[in-house]
Student: 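Handing you this structure, nothing more for now.
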Amino acid sequence: QVQLVESGGGLVQAGGSLRLSCAASERTFSSYYMGWFRQAPGKEREFVAAISMSGGTTGYADSVKGRFTISRDNAKNTLYLQMDSLKSEDTAVYYCGRRGRGIDWRKLEHYDYWGQGTQVTVSS
């Protein structure tokens with residue numbers, strides 16, 4: 001059973017920064033693409049960013065491109081999301097996921113394991 005545990009969320013003012021972490025329990029962490037999604041109240045979960053197994057390839061939603069940076073440390077089985085220049089519209093619960101099926105890292109259904117989520121609230 002794979003466990004993903006997010007941390008690092010909180011309350012921050014607009015323009016501020018936060019760094020999210022996602023610790024994975026499995027030793028095969030480096031064998032999977034990983035991603036971050038978010039879900040705001042009343043909205044569907046949406047893609048934020050994803051990263052290849054080695055970390056050499058990354059992808060971002062247009063809404064966060066240039067402000068967020070995804071990275072990973074395979075030695076520590078940990079995924080990160082550095083969020084800068086935060087806006088009120090970034091307020092959501094952020095989830096990390098393992099892309100264990102399919103090949104499209106933007107599609108929710110291509111992820112087979114999820115963390116419990118961490119709340120990010122940006123005040124304007």
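When reading the values below, keep in mind they use all heavy atoms of this one structure, side chains included, and skip hydrogens, waters and symmetry mates.
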Student: Can Thr118 and Val93 be said to form a side-chain contact (heavy atoms from CB on, under 4.5 Å), step by step?
Tutor: CA-CA 5 Å; Thr118 186; Val93 177; 6.0 Å; no

Student: I'd like to know if the side chain of Arg101 reaches the main chain of Glu109, judged simply by a donor and an acceptor atom lying under 3.5 Å from each other, with no hydrogens or angles considered.
Tutor: yes

Student: For the side chain of Ser21 and the backbone of Ser7, is there at least one donor-acceptor N/O pair under 3.5 Å apart?
Tutor: no

Student: Which heavy-atom pair separates Asn77 from Arg27 by the least distance, and what is that distance?
Tutor: ND2-CA, 4.2 Å

Student: Return the set of residues passing ring-ring contact (aromatic ring centres under 6.0 Å, His included) with Tyr94 (not counting sequence neighbours), or none when no residue passes.
Tutor: none

Student: Quick check: is Leu20 connected to Ile70 through a chain of hydrophobic side chains (ILVMFWY, heavy atoms under 4.5 Å apart)?
Tutor: yes

Student: Provide the full list of ring pair (Phe, Tyr, Trp, His ring centres under 6.0 Å) pairs with a residue in residues 10-45, sequence neighbours left out, each pair given once.
Tutor: Tyr33-Trp105, Phe37-Phe47, Phe37-Tyr111, Phe37-Trp114

Student: Over all heavy atoms of both residues, which pair between Val48 and Val64 is shortest? Give the atoms and the distance, please.
Tutor: O-CG2, 3.5 Å

Student: Do you reckon Tyr95 sits in the same ILVMFWY cluster as Phe68, going by side-chain contacts under 4.5 Å, direct or chained?
Tutor: no

Student: Hey, are the side chains of Gln1 and Tyr113 touching, using non-hydrogen atoms and a 4.5 Å cut-off?
Tutor: yes

Student: Please round to the nearest 0.5 Å and tell me the distance separating atom CG of Leu108 and atom CZ of Arg45.
Tutor: 6.0 Å

Student: Would Asn74 and Met53 count as a side-chain contact (heavy atoms from CB on, under 4.5 Å) here? Give the steps.
Tutor: CA-CA 9 Å; Asn74 287 338; Met53 293 177 283; 5.9 Å; no

Student: How many angstroms lie between atom OG of Ser30 and atom CZ of Arg72, to the nearest 0.5 angstrom?
Tutor: 7.0 Å

Student: Is there a side-chain contact between Thr91 and Leu86 (heavy atoms, below 4.5 Å)?
Tutor: no

Student: Quick check for you: to the nearest 0.5 Å, what is the distance between Ser71 atom OG and Gln82 atom CD?
Tutor: 8.0 Å

Student: Taking the side chain as C-beta and beyond, is there a heavy-atom pair between Leu81 and Thr69 under 4.5 Å?
Tutor: no

Student: Does His110 reach the main-chain N or O of Asp104 with its side chain, forming a donor-acceptor pair under 3.5 Å?
Tutor: yes

Student: Quick one: side-chain hydrogen bond (donor to acceptor under 3.5 Å, both in side chains) partners of Glu46, sequence neighbours excluded?
Tutor: Arg38

Student: State whether the side chain of Ser17 and the backbone N or O of Asp84 hold a donor-acceptor pair below 3.5 Å, judged by distance alone.
Tutor: no

Student: Side chains of Glu6 and Cys96, heavy atoms from C-beta outward: is any pair under 4.5 Å?
Tutor: yes

Student: Specify the closest pair of heavy atoms between Leu4 and Cys22, including all atoms of both residues, with the distance to one decimal.
Tutor: CB-SG, 4.0 Å

Student: Taking atom types as modelled, find out whether Asp73 and Thr78 have a side-chain donor-acceptor pair closer than 3.5 angstrom.
Tutor: no

Student: Test of understanding: with side-chain hydrogen bond (donor to acceptor under 3.5 Å, both in side chains), list the residues that count as partners of Asp112, not counting sequence neighbours.
Tutor: Arg98

Student: Can you pull the side chain to side chain donor-acceptor pair (under 3.5 Å) pairs that have at least one residue in residues 47-61, sequence neighbours excluded?
Tutor: none

Student: Where is the tightest heavy-atom contact between Gln116 and Val5, given as atom of each residue plus distance?
Tutor: OE1-CA, 3.7 Å

Student: What are the two closest non-hydrogen atoms of Ser124 and Ala14, and how far apart are they?
Tutor: CA-CB, 4.2 Å

Student: Would you call Asp62 and Lys65 a salt bridge, using N to O less than 4.0 angstrom?
Tutor: yes

Student: Can you give me the closest heavy-atom contact between Asp90 and Arg67, atom names plus distance?
Tutor: OD2-NH1, 2.8 Å

Student: Please indicate whether Gln3 has more than 12 foreign heavy atoms, meaning atoms of other residues, nucleotides or ligands, lying under 6.0 Å from its CD.
Tutor: no

Student: Thr121: what forms a side-chain hydrogen bond (donor to acceptor under 3.5 Å, both in side chains) with it, not counting sequence neighbours?
Tutor: Gln119

